Structure formats: structure tokens, C-alpha cells
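Down below is the structure, laid out as C-alpha cells.
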Amino acid sequence: MTYTEAKDILDQRVNWRNSGAFILSSENTTTESGRYFQDEHSAITLDNIKACQPNTVISDGEFDTYLTQLRHAVILQVLADVYGSESEVTENELNCNVGVFDNAISLRMMVVVAELIITSTRSNMTERLTKGFIQQLHFDLNGNYGQNLNPNFPRAEGFGKKYQDSIGSIKRKLSKHVKFKSITAGAYGNYKGYLSVNEFYKN
């Protein structure tokens, strides 16, 4: 199964919420999990994204397409980070575990949008967002986890690390799921003690 095919299964797990003057297509607002990207951080707004994306004369329709492409890129990255190779992706495993990807998709979008805002050179972005806001967003993204700090100084995990942790969590959940079935299969006559994911979901 290719990443593109797998992306279609996860495409509308987390999505955008209409706000202000923005009226997005149903493709960009339908959320199967009930989660919205804007809920991850106050910086994740449609206004901020539009102000920071590179097209200075973007139309409403083009912006809607941009948000779709942004979501697709995020999902594809999550899949690549979890599986490492398209040969590892199976439709049955993905369909039975769609919910475990929600947090990683939301966090990855947070990372992508935060980097978009921080690195933007658009003049209307600098008018909207203060230097202090950008500095705080940079800290929220990177945190200070792992730095050599005074032990009394509070430590904070940035969204980048939270995303990596969420990827690790997905890998553990999928690995445990398959491992459990392998043991069960062995007890029922599979003397090799191994059952592929495809075989598992046929049972």
C-alpha cells in the first residue's frame, strides 16, 4: 500500500474549523475524530496561515486548496515517520487503528504551521504578530527539554518533541497489537508463532 493510498484513509481524521470570514469546503472541515487543528495552539489560525503563506494575492479558492495540500503533506509525513517504508503499510492494520494517528497528525500540523510563521518574511505577517509572540511560539515549538539547565528551572517539552513522542507511541501500539496476535496464533497451531498483519485481520 502506498503512502498516498494510506493518506486517503486518514485524510479527514483531523481538519480545519471555519472561523471569521473563512468559509472552507467540506473537504477541509469534515472531521471524523471531532478534532480541529486550531485546538492545538492559539497560533494555529486561518488568519495567521493566510498571512504567512507565500502567495501574496491568494484567492479564497486557492487558500482552500493550500489548506488541503498542507493537510495532505502532514499526513504523508506522519506515515513516513511511523512506517519508514511503504512496504510496511497494510490497509487492514490502518483501517483498524485510524484513531491512534490523530494526535500525531494534529501535532505535526502544529509544527509545520509554527515553522511557517517563524520563518515567514511576509510584511503583513509582521504587522499581525509581535516579536514577543514569535519568540513564545519558538519556545513552544522547541521547548528546553534536554538542555543543561538549573535543576530548579522549569522544563518544557516543545511541540517538536511531543510530535516525536507521538510517533513512538504509534509504533509501540501497532507493534504490541501484532505481537499479541502472533502469540495467540501460535497457541492455535501456527507453530512458527508468527502471523502476518494481513493474515491476522482475515481471522
Side-chain angles (χ1 to χ4, degrees), residues 2-82 89 94-95 97-130 133-134 136-142 157-167 169-170:
T2 67
Y3 287 150
T4 300
E5 292 169 333
K7 178 261 297 175
D8 292 339
I9 295 176
L10 301 176
D11 186 28
Q12 296 186 327
R13 291 298 304 168
V14 187
N15 226 325
W16 303 100
R17 179 189 288 112
N18 276 319
S19 63
F22 295 97
I23 305 297
L24 305 179
S25 63
S26 60
E27 181 183 3
N28 275 325
T29 56
T30 300
T31 166
E32 296 171 353
S33 67
R35 296 181 61 170
Y36 295 92
F37 293 122
Q38 291 101 315
D39 295 335
E40 199 65 62
H41 192 279
S42 60
I44 312 303
T45 69
L46 299 180
D47 282 321
N48 286 346
I49 296 170
K50 187 173 183 179
C52 296
Q53 56 76 40
N55 185 354
T56 58
V57 292
I58 194 168
S59 68
D60 291 345
E62 289 170 336
F63 183 59
D64 193 77
T65 299
Y66 178 84
L67 293 175
T68 301
Q69 294 171 341
L70 200 62
R71 187 179 69 255
H72 288 175
V74 161
I75 296 172
L76 289 170
Q77 186 62 61
V78 169
L79 288 165
D81 289 340
V82 169
V89 186
L94 202 57
N95 277 319
N97 293 280
V98 289
V100 305
F101 289 84
D102 295 347
N103 198 46
I105 293 171
S106 184
L107 287 168
R108 181 62 192 172
M109 182 64 77
M110 167 60 203
V111 171
V112 169
V113 174
E115 291 176 344
L116 174 68
I117 294 173
I118 291 170
T119 60
S120 177
T121 58
R122 291 276 304 278
S123 59
N124 54 335
M125 181 279 294
T126 58
E127 292 171 1
R128 287 181 49 80
L129 305 175
T130 65
F133 181 92
I134 298 297
Q136 181 61 52
L137 182 59
H138 188 277
F139 179 81
D140 291 345
L141 176 62
N142 297 293
E157 287 189 351
F159 279 93
K161 186 175 187 306
K162 290 179 180 178
Y163 169 68
Q164 293 301 325
D165 289 346
S166 71
I167 293 298
S169 177
I170 296 173

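Keep in mind the model is a prediction, meaning the values are calculated, not measured.
Ring planes of Phe37 and Trp16: tilted class, angle from 30 to 60°.
Between Val113 and Leu70 there is a side-chain heavy-atom pair separated by less than 4.5 Å. Between Leu79 and Phe101, the closest side-chain pair of non-hydrogen atoms falls below 4.5 Å. With contacts defined as side-chain heavy-atom distances shorter than 4.5 Å, the pair Asn103/Ile105 does not qualify.
Between Arg71 and the choices Val74, Leu67, Thr68, the side-chain contact (heavy atoms from CB on, under 4.5 Å) rule is met once, by Thr68.
Residues meeting the side-chain hydrogen bond (donor to acceptor under 3.5 Å, both in side chains) test with Arg108, sequence neighbours left out: none. Applying the side-chain hydrogen bond (donor to acceptor under 3.5 Å, both in side chains) test to Asp102 and every residue at least two apart in sequence or in another chain returns Arg13. Annotation: ring-ring contact (aromatic ring centres under 6.0 Å, His included) contacts of Tyr66 (sequence neighbours excluded): none.
Ion pair Lys161/Asp165 flagged as a salt bridge, since at least one NZ, NE, NH1 or NH2 atom sits closer than 4.0 Å to an Asp/Glu carboxylate oxygen.
Asn28 contributes a side-chain N or O that, together with a main-chain N or O of Asp64, makes up a donor-acceptor pair within less than 3.5 Å. Judged purely by atom type and a 3.5 angstrom limit, Asn15 uses its side chain to pair as donor or acceptor with the backbone of Thr30. Within the 3.5 Å criterion, the main-chain N or O of Tyr163 finds a donor-acceptor partner in the side chain of Ser166. Under a 3.5 Å cut-off, the side chain of Glu40 and the backbone N or O of Met109 do not form any donor-acceptor pair. No donor-acceptor pair under 3.5 Å is formed between the side chain of Asp140 and the backbone N or O of Phe159.
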>> Could you walk me through whether Lys50 and Asp60 satisfy the salt bridge (Lys or Arg N to Asp or Glu O under 4.0 Å) test, starting with their C-alpha distance in whole Å, then the side-chain angles of each, then the deciding distance to 0.1 Å, before giving a yes or no?
In response: CA-CA 10 Å; Lys50 187 173 183 179; Asp60 291 345; 3.7 Å; yes

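The CZ atom of Phe133 sits 9.5 Å away from the CD1 atom of Ile118 when rounded to the nearest 0.5 Å. Taken to the nearest 0.5 Å, the CD1 atom of Ile49 stands 6.0 Å off from the CD1 atom of Ile44. Rounding to the nearest 0.5 Å places CD1 of Ile117 at 4.5 Å from CG of Asn48. In this structure, CE on Met110 lies 4.5 Å from NE2 on His41, to the nearest 0.5 angstrom. Rounding to the nearest 0.5 Å gives a distance of 8.0 Å between CG of Asp8 and OG1 of Thr2.
Shown here is His72, whose NE2 atom has more than 12 heavy atoms of other residues, nucleotides or ligands within 6.0 Å.
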